[in-house]
2 protein chains.
Amino acid sequence: MITIADVAKKANVSNMTVSRVINNAASVSDNTRQRVLVAMEELHYVPNSIARSLISGRTNTIGLIIADMTNPFFTTMARGAEDAAHQHLHRLILCNHDDDIDKEREYIEALISARVDGMIITPASDDSAKNLQIVQRHRIPFVFVDRIVNSINADHVVGDSSTAAYDLTAHLLRQGHRNIGLISGPLNIHTARERMKGYETALREFDIEIRRELIHSLPYSLHEDKTLLGVELSIQSMFRQSPKPTAIFAFNNALAIQALHALRKAGLKSPDDVAIACFEDVDPHGLLQLEISTACQPAYTFGEQGVHMLFERIKNPDKPYETVTLQPRLTLRGASINNR
Amino acid sequence: MITIADVAKKANVSNMTVSRVINNAASVSDNTRQRVLVAMEELHYVPNSIARSLISGRTNTIGLIIADMTNPFFTTMARGAEDAAHQHLHRLILCNHDDDIDKEREYIEALISARVDGMIITPASDDSAKNLQIVQRHRIPFVFVDRIVNSINADHVVGDSSTAAYDLTAHLLRQGHRNIGLISGPLNIHTARERMKGYETALREFDIEIRRELIHSLPYSLHEDKTLLGVELSIQSMFRQSPKPTAIFAFNNALAIQALHALRKAGLKSPDDVAIACFEDVDPHGLLQLEISTACQPAYTFGEQGVHMLFERIKNPDKPYETVTLQPRLTLRGASINNR
DNA sequence: CATGTATATGTTAACGTTAACAGAAAGCGT
DNA sequence: ACGCTTTCTGTTAACGTTAACATATACATG
């Protein structure tokens with residue numbers, strides 16, 4: 001490997017002079033600077049960031065911990081984060097925890113060991129608290145995106161889940177739906193709880209009884225082998241109840257997609273037989289005109305803002321925590337039902 | 001920051017003994033080991049990977065350079081790579097070059113400086129050659145995935161683009177289509193050239209004239225502001241020709257989606273008015289039954305295999321280069337056309 | 001009991017870079 | 001010419017870890 005010493009030897013100067021040229025620090029004569037630059041060029045010298053990091057204590061690296069980069073919501077968020085990190089001349093280390101706190105801990109420990117300058121975290125669940133305490137203990141700045149953990153104080157960028165869930169539910173209610181099946185995420189995840197609140201608030205406001213048998217909690221994750229059967233069983237179970245649901249509200253895109261499949265399999269058509277509402281976009285390119293009502297969160301902004309907040313935090317570790325709540329974009333579809 | 005020295009002091013041993021416990025090397029008495037472990041625990045010691053890397057020359061990090069993680073094809077590939085890297089106890093640094101060789105070079109230089117143990121690269125275009133020479137010069141092992149650059153020898157995992165393009169084209173021809181509009185990618189990208197070959201071979205075999213006015217080359221990228229208008233103009237132009245195309249073949253999912261939009265805007269229905277074929281899945285969840293014929297590449301495997309090959313290469317830098325060609329999964333749809 | 005061998009621990013230097021200080025040379029005012 | 005500042009370059013030590021070597025103790029062998 002070519003080191004500063006090789007360059008120094010070739011240019012007939014000391015290591016320090018080369019270092020000064022690299023960091024174009026003050027007071028190197030033009031003559032010397034040229035000689036050094038030529039030597040660097042000829043040897044194809046590239047500074048060793050590792051050695052630099054060891055001294056500076058900074059790695060120009062941030063960790064991004066998300067649930068699953070295969071989900072377009074997280075992908076878009078990650079892209080926003082990557083672009084922002086790039087602007088700050090930082091690189092992104094990507095980690096998928098699949099909503100599994102053990103995997104999350106593994107990654108967190110690896111990132112601490114790698115001495116990342118900060119982390120952007122979508123926590124796996126409320127049980128992530130002890131993982132996050134490890135991060136705090138090491139004074140590594142981090143920002144929550146999409147999800148928070150109540151017991152942990154930190155900057156965060158989240159969507160207004162409860163309001164959007166309320167709006168979607170109210171929309172369905174206004175269309176005349178009185179029995180709305182709920183495919184929720186795990187209730188130890190903040191967003192699922194918030195969305196549940198919105199759903200319940202809307203029902204109460206419309207004086208509709210909350211029917212527990214129409215509420216099913218399932219993993220958010222898209223991994224079909226695990227979830228598909230779950231959603232299918234849930235849908236089947238809901239449609240064995242009486243009265244049957246006339247609408248389904250799924251708490252994210254993955255669950256909505258599984259629900260759509262299950263409904264099709266059960267011979268039910270959307271929107272004719274069942275109205276559907278969900279969080280996130282199921283058809284980002286607008287190809288299928290599915291007539292689904294959605295609350296689409298600005299995922300790119302989540303990632304982008306999260307990174308900017310992280311750098312603010314790094315710059316000023318002691319400032320009060322900041323909270324950014326972004327409004328999901330609502331797309332309300334479907335028509336009133338005629339007394340089925 | 002807690003260092004090995006702090007632990008050593010607390011446990012009343014030398015740094016070296018702590019180091020031995022961490023790496024559970026031989027010959028540390030049970031008594032001492034326990035004392036050290038307790039001290040580590042109490043101080044929440046986490047080894048500094050940076051310092052380790054400086055000595056070992058390895059960073060347990062690999063760089064993944066792709067076009068755009070927002071495209072589900074690359075996302076899935078990246079996920080495959082991440083899972084495989086995780087298995088090898090390595091972390092992934094993610095880079096999007098957006099098919100821009102300058103951005104690609106920037107990332108490559110950053111990754112070299114970061115002393116990644118290897119790279120997985122989808123090159124931006126044939127012009128990437130000089131970027132890749134930089135990587136080679138630094139003896140950093142790398143593997144091509146999805147795309148290759150002819151002038152650069154390296155391990156690679158690619159799809160059989162020419163055969164699949166031939167198959168899709170032949171399928172359209174067998175259905176009676178005689179004027180097939182082509183929305184190609186940039187011809188300085190290997191996959192686009194291969195797909196073009198497949199298309200031309202099929203036409204020649206069926207003795208159909210190749211009509212250059214039905215062939216348009218556009219950026220692969222999904223960034224709508226740039227591409228959308230391009231595809232729309234191309235479609236409009238094709239349909240001003242005589243005879244008009246009765247089928248469109250797009251070289252990737254992003255282009256197919258733009259083409260669909262353009263066709264809709266032009267009041268044309270698929271598959272009734274125009275048959276569509278493309279590479280990659282446009283509707284991965286099978287929600288819309290678009291009647292599009294697709295050649296879907298095993299993206300996850302691209303990433304997974306790529307990483308495994310990379311580690312083989314790292315283990316054995318001098319072995320002959322390996323080539324893996326995976327067959328896209330064909331889904332042929334649509335019916336014969338009745339002499340329009 | 002002297003010798004050899006295994007086991008346990010410590011010391012030193014090195015990885016590649018830069019911060020902090022030191023020194024040399026050059027320029028300048030009087 | 002003298003001292004003083006400015007400009008340029010070099011030396012040393014440090015970042016946190018580990019490889020390589022050194023030392024010390026215990027234990028077995030004839």
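A, B, ... follow the sequence lines: proteins, then strands. Residue 1 opens every chain.
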- Salt bridge present between A/Arg313 and A/Asp318 (N-O < 4.0 angstrom): no
- Measure from the ring center of B/Tyr300 to the ring center of B/Phe302 and say whether it is less than 6.0 Å. no
- Message: Please check: side-chain N/O of A/Asp126 versus main-chain N/O of A/Ile189, any donor-acceptor pairing under 3.5 Å?
- Response: no
- Query: Taking all non-hydrogen atoms of both residues, which atom of B/Val149 and which atom of B/Leu132 are closest, and how far apart?
  - Reply: CG2-CD1, 3.9 Å
Check the interface with nucleotides 4-7 of chain C: list each N/O to N/O pair with the protein under 3.5 Å, or write none.
none

- Contacts of A/Lys130 meeting side chain to side chain contact (heavy atoms under 4.5 Å, CB included) (sequence neighbours excluded), chain-then-number -> A/Ile101, A/Gln133
- Of all of residues 7-24 of chain B, which get a heavy atom below 4.0 angstrom from DNA chain C, listed by number? B/Val13, B/Ser14, B/Met16, B/Thr17, B/Arg20
- Query: Who passes side-chain hydrogen bond (donor to acceptor under 3.5 Å, both in side chains) against A/Thr76, sequence neighbours left out?
  - Reply: none
- Expected output: side-chain B/Arg115 to main-chain B/Ile112 donor-acceptor under 3.5 Å: yes
- Residues at least two apart in sequence or cross-chain that pass ring-ring contact (aromatic ring centres under 6.0 Å, His included) with A/Phe74, listed by chain then number, are none
- Query: Judged by atom type as modelled, is there a donor-acceptor pair below 3.5 Å linking the side chain of B/Ser113 to the main-chain atoms of A/Val46?
  - Reply: no
- Message: Filter on ring pair (Phe, Tyr, Trp, His ring centres under 6.0 Å), then keep only pairs touching residues 86-112 of chain A, sequence neighbours left out; what's left?
- Response: A/His86-B/Tyr107, A/His88-A/His308, A/His88-A/Phe311, A/His90-A/Phe311, A/Tyr107-B/His86
- Item | Qualifying residues under side-chain hydrogen bond (donor to acceptor under 3.5 Å, both in side chains), relative to B/Gln297, sequence neighbours excluded | B/Glu280
- Whichever of B/Arg33 and A/Asn48 has its nearest DNA chain C nucleotide further upstream toward 5': B/Arg33
- Decide if atom NZ of A/Lys103 counts as having more than 12 heavy atoms of other residues, nucleotides or ligands within a radius under 6.0 Å. yes
- Message: Between A/Thr3 and A/Tyr45, do the side chains contain a donor N or O and an acceptor N or O under 3.5 Å apart?
- Response: no
- Task: Kindly state each residue pair satisfying salt bridge (Lys or Arg N to Asp or Glu O under 4.0 Å) with at least one member in residues 26-40 of chain A, sequence neighbours excluded.
- Result: none
- Message: If you take any heavy atom closer than 4.0 Å to DNA chain C, which residues from residues 50-58 of chain A end up in contact?
- Response: A/Ala51, A/Arg52, A/Ile55
- Query: So how far off straight is the helix from C/dC1-D/dG30 to C/dT30-D/dA1, going by the axes through five pairs at either end, to 10°?
  - Reply: 50°
- Note on the structure: In the 5' to 3' direction, the nucleotides of DNA chain D bounding the stretch that comes under 4.0 Å of a heavy atom in chain A are D/dC8 to D/dG16
- Please list, chain by chain and in numerical order, all residues satisfying side chain to side chain contact (heavy atoms under 4.5 Å, CB included) with A/Leu43, sequence neighbours excluded. A/Ile2, A/Asp6, A/Val7, A/Lys10
